[in-house]
Amino acid sequence: MKTDYGGIFGEEVELMRKTTRASKLAAAEKHRQDVLKSMGLSQQGGKVTAGVIPKSVREIDFEDEDEGFTCMVCREGYRFKPREVLGIYTYSKKLALNSVSVTSSVASSSSSGLEQGYSTVTHMNMIHFSCHREAAKNDRQGKHPKEEWEGATLRNQQTKCNNLFPIQGGLVSDEHYTQAMEKFWGFLNNIGRCDSPRMRLLIHDLKFLLLRFAKEESFSEESKGGGPESNMRFIPFFLQMGMFLIDGKGSSRKSMEKVLQTFLGVTGVSDSSSSIPPPSPSVGGSIGDGVLFMLVLSLFVQSIDEWEESKLTFLKRTISFARTMLPAPLPAEPSESQIFEACRPMLIFYGLIDKIQELVKKGEASGSSSGSSGGWTHDMKQKLISHGTRVQKEFSGLLSVYEEELLVIDSLQEFFDVLGVLKKVNAESSSFTDFVTNLWKKPLNILL
């Protein structure tokens with residue numbers, strides 16, 4: 001209700017009101033201009049136009065930026081908390097690095113004396129690191145106190161978890177991401193210490209995740225939640241962390257590139273060699289760093305052009321490795337169908353690597369990254385960091401490719417054709433059958 005003060009006093013009150021209102025409007029307009037400027041926009045009259053957009057904002061896909069990236073506690077995502085580090089609740093276990101089956105029913109391989117690594121799965125539930133910390137504090141101080149991961153399991157849709165895998169959003173600083181990453185590796189040490197470089201452990205961890213897909217093993221046997229879709233969508237964050245580690249403090253990119261080049265050169269199958277020597281310890285590092293490890297490593301150190309050049313060599317190596325995994329020997333002269341069934345899981349693993357290479361690198365800059373601060377490595381990092389929603393949709397699409405294409409292939413020749421290497425095979429052999437027969441008979445000495 002408006003009060004009529006009247007007289008001179010009333011005029012003074014009205015003047016004060018106008019002054020206060022004008023001051024508030026000016027402050028609001030200044031705030032609006034500051035926000036527009038931070039987004040690279042400007043206002044002229046009643047029209048908002050784009051100016052010079054800052055790089056940090058230009059490289060972020062703001063459309064639906066919260067889709068799939070929302071904290072399950074505060075319900076906020078990057079729109080209102082762009083600099084807060086989100087984490088994914090995950091469950092990790094230790095197992096031997098040379099394991100080729102991951103689930104507990106078949107992987108009794110975490111035996112003492114064998115070099116150990118981690119296998120991580122998820123239900124893809126996200127939470128800010130700060131919200132997790134506050135929730136864990138409340139859990140401890142509640143009427144019915146809970147341990148940190150006991151309470152987290154309740155928030156994680158009753159799925160067991162023992163870690164938080166950090167995500168670097170478009171405006172999350174390297175410093176904050178590094179701090180969250182240190183917490184992640186600290187939690188892994190609480191599960192059990194593994195004395196190996198982080199990059200190597202991460203590659204093996206992603207290898208084990210892809211093995212679950214390749215062998216159609218359970219994602220939830222230990223964690224009691226999560227499945228193929230959540231874990232397929234988890235893959236880009238392995239790639240994100242790996243690219244951060246390999247090019248971060250004490251960069252290991254050049255040494256890892258050399259590891260892969262030496263592996264391909266020393267152990268590549270060629271018609272001129274009657275026997276293939278294993279990599280030396282200085283190359284592979286361990287019996288676990290075989291062809292599957294190298295396939296995953298290629299995601300971090302090869303451009304799409306380099307992958308295309310080496311993919312047939314990798315495919316030969318994959319088939320040769322599958323020979324060492326046979327539960328029982330095949331006949332002396334196996335048929336193509338018998339060879340295919342023996343190789344099928346490892347071929348699916350290879351096929352996933354090929355599809356991931358295309359997803360994260362096709363259309364990006366090509367060529368080697370050596371000696372360059374840009375190129376495909378920069379483009380791949382920016383895609384993983386600044387276009388998370390699009391990447392998540394693409395990897396959901398990869399699940400469809402895996403289920404509707406890779407899993408239903410029923411012959412070697414079809415597989416070679418789908419992966420785009422059949423022409424290369426026909427160019428170097430008189431027939432596809434001769435190629436397969438000669439490759440299968442070739443004597444090998446392979447590290448697992």
Side-chain angles (χ1 to χ4, degrees), residues 66-78 84-95 102-105 107 117-136 138-139 146-169 180-181 183-185 187-188 190-191 202 205-241 352 356 384 388-389 391-400 402-403:
D66 279 357
E67 186 179 338
F69 291 86
T70 304
C71 174
M72 59 195 312
V73 170
C74 72
R75 311 309 301 173
E76 300 291 357
Y78 291 132
E84 286 259 0
V85 182
L86 277 167
I88 305 166
Y89 276 134
T90 56
Y91 180 83
S92 299
K93 70 172 185 177
K94 284 182 66 177
L95 75 169
V102 187
T103 55
S104 59
S105 59
Y118 304 102
S119 173
T120 304
V121 290
T122 186
H123 205 155
M124 275 302 288
N125 290 311
M126 299 181 185
I127 185 171
H128 289 117
F129 272 72
S130 57
C131 290
H132 170 78
R133 183 172 60 250
E134 189 63 28
N138 292 336
D139 287 339
K146 302 181 187 70
E147 296 294 330
E148 178 176 11
W149 299 112
E150 182 185 1
T153 294
L154 297 177
R155 292 186 290 277
N156 193 32
Q157 296 180 261
Q158 301 291 336
T159 301
K160 288 175 65 177
C161 54
N162 54 16
N163 212 331
L164 266 179
F165 198 106
I167 301 171
Q168 186 170 25
M181 196 167 59
K183 288 185 173 69
F184 168 76
W185 288 99
F187 286 137
L188 281 180
N190 292 339
I191 296 166
L202 186 82
D205 203 341
L206 179 53
K207 177 196 76 175
F208 289 133
L209 186 65
L210 293 174
L211 268 174
R212 291 180 191 258
F213 283 102
K215 305 192 79 172
E216 298 178 74
E217 293 183 354
S218 172
F219 296 91
S220 59
E221 182 171 307
E222 300 96 355
S223 62
K224 310 305 178 187
E229 181 176 5
S230 59
N231 284 280
M232 187 67 81
R233 291 172 50 217
F234 185 29
I235 292 172
F237 304 108
F238 274 100
L239 301 178
Q240 186 184 85
M241 184 183 288
L352 285 169
I356 294 170
L384 294 170
T389 298
V391 171
Q392 285 290 286
K393 290 177 180 177
E394 289 174 349
F395 273 79
S396 292
L398 178 57
L399 179 65
S400 298
Y402 161 74
E403 293 176 336

Q. Minimum heavy-atom separation for Phe69 to Gly388, with atom names?
A. CE1-C, 3.6 Å
Q | Distance-minimising heavy-atom pair for Leu239 and Ile356 | A | CD1-CG2, 4.0 Å
Q.
Would you compute the distance between atom CG of Asn125 and atom CG of Leu164 and round it to the nearest 0.5 angstrom?
A. 11.0 Å
Q. Has the side chain of Ser230 got a donor or acceptor atom that lies under 3.5 Å from a matching backbone atom of Gly226?
A. no
Q. Looking at side-chain heavy atoms only, is the closest gap between Leu154 and Lys146 below 4.5 Å?
A. yes
Q: Working to the nearest 0.5 Å, report the span between CG of Leu206 and CZ of Phe234.
A: 9.0 Å
Q) Got a donor-acceptor contact below 3.5 angstrom from the Gln240 side chain to the Ile167 backbone? A) no
(Q) Under a 3.5 Å distance rule, please check whether Tyr402 uses its side chain to pair with a backbone N or O of Leu352 as donor and acceptor. (A) no
(Q) Could you measure the distance from the OH atom of Tyr78 to the SG atom of Cys71? Nearest 0.5 Å is fine. (A) 11.0 Å
**Q.** Pairwise side-chain contact, Ile235 with Leu209, heavy-atom cut-off 4.5 Å (strictly under)
**A.** yes
Q. Within a strict 4.5 Å, meaning less than it, do heavy atoms of the Asn156 and Ile127 side chains meet?
A. no
Q.
Assess, by modelled atom type and distance only, whether the side chains of Thr120 and Asp205 contain a donor and an acceptor separated by less than 3.5 Å.
A. yes
(Q) If I compare all heavy atoms of Thr103 with all of Lys93, which pair ends up nearest, and what's the gap? (A) C-NZ, 3.8 Å
Q.
Quick one, Met124 and Thr159 - any side-chain contact, counting heavy atoms below 4.5 Å?
A. no
(Q) Closer than 4.0 angstrom, basic N to acidic O: yes or no for Glu222 and Arg212? (A) yes
(Q) Given 3.5 Å as the limit, does a donor-acceptor pair link the side chain of Ser218 with the main chain of Glu221, or not? (A) yes
Q | Rounded distance [0.5 Å steps], CZ in Phe219 versus NZ in Lys224 | A | 15.5 Å
Q) Does a donor on one side chain and an acceptor on the other come within less than 3.5 Å for His128 and Glu76? A) no
Q. Atom OG of Ser92 and atom CG of Leu188: how far apart are they, to the nearest 0.5 Å?
A. 5.0 Å
Q. Nearest heavy-atom pair of His132 and Tyr89: which atoms, and what distance?
A. ND1-OH, 2.9 Å
Q | Student check: side-chain heavy atoms of Met126 and Met72 closer than 4.5 Å | A | no
Q: Indicate the atoms forming the closest heavy-atom contact of Pro228 with Leu399, along with that distance.
A: CB-CD1, 3.8 Å
(Q) For Glu150, is the CD atom crowded, meaning more than 12 foreign heavy atoms sit under 6.0 Å from it? (A) yes
**Q.** Centroid separation Phe208 to Tyr118 less than 6.0 Å
**A.** no
Q: Over 60° means perpendicular and under 30° means parallel, so classify the ring planes of Phe165 and Phe238, tilted if in between.
A: tilted
Q) Under 3.5 Å, is there a donor-acceptor pair between the side chain of Glu217 and the main chain of Val102? A) yes
Q. Under a 4.5 Å cut-off applied to non-hydrogen side-chain atoms, are Ser396 and Met232 in contact?
A. no
**Q.** Approximate separation, where rounding is to 0.5 Å, of Ser223 OG and Gln157 CD
**A.** 11.5 Å
Q: Search all heavy atoms of Leu202 against all heavy atoms of Trp185 and return the closest pair with its distance.
A: N-CH2, 4.2 Å
Q: Report yes or no: does Asn163 contribute a side-chain atom to a donor-acceptor pair with the main-chain N or O of Phe184 at less than 3.5 Å?
A: yes
Q: Establish, from distance only, whether the side-chain atoms of Tyr91 and His123 form a donor-acceptor pair under 3.5 Å.
A: no
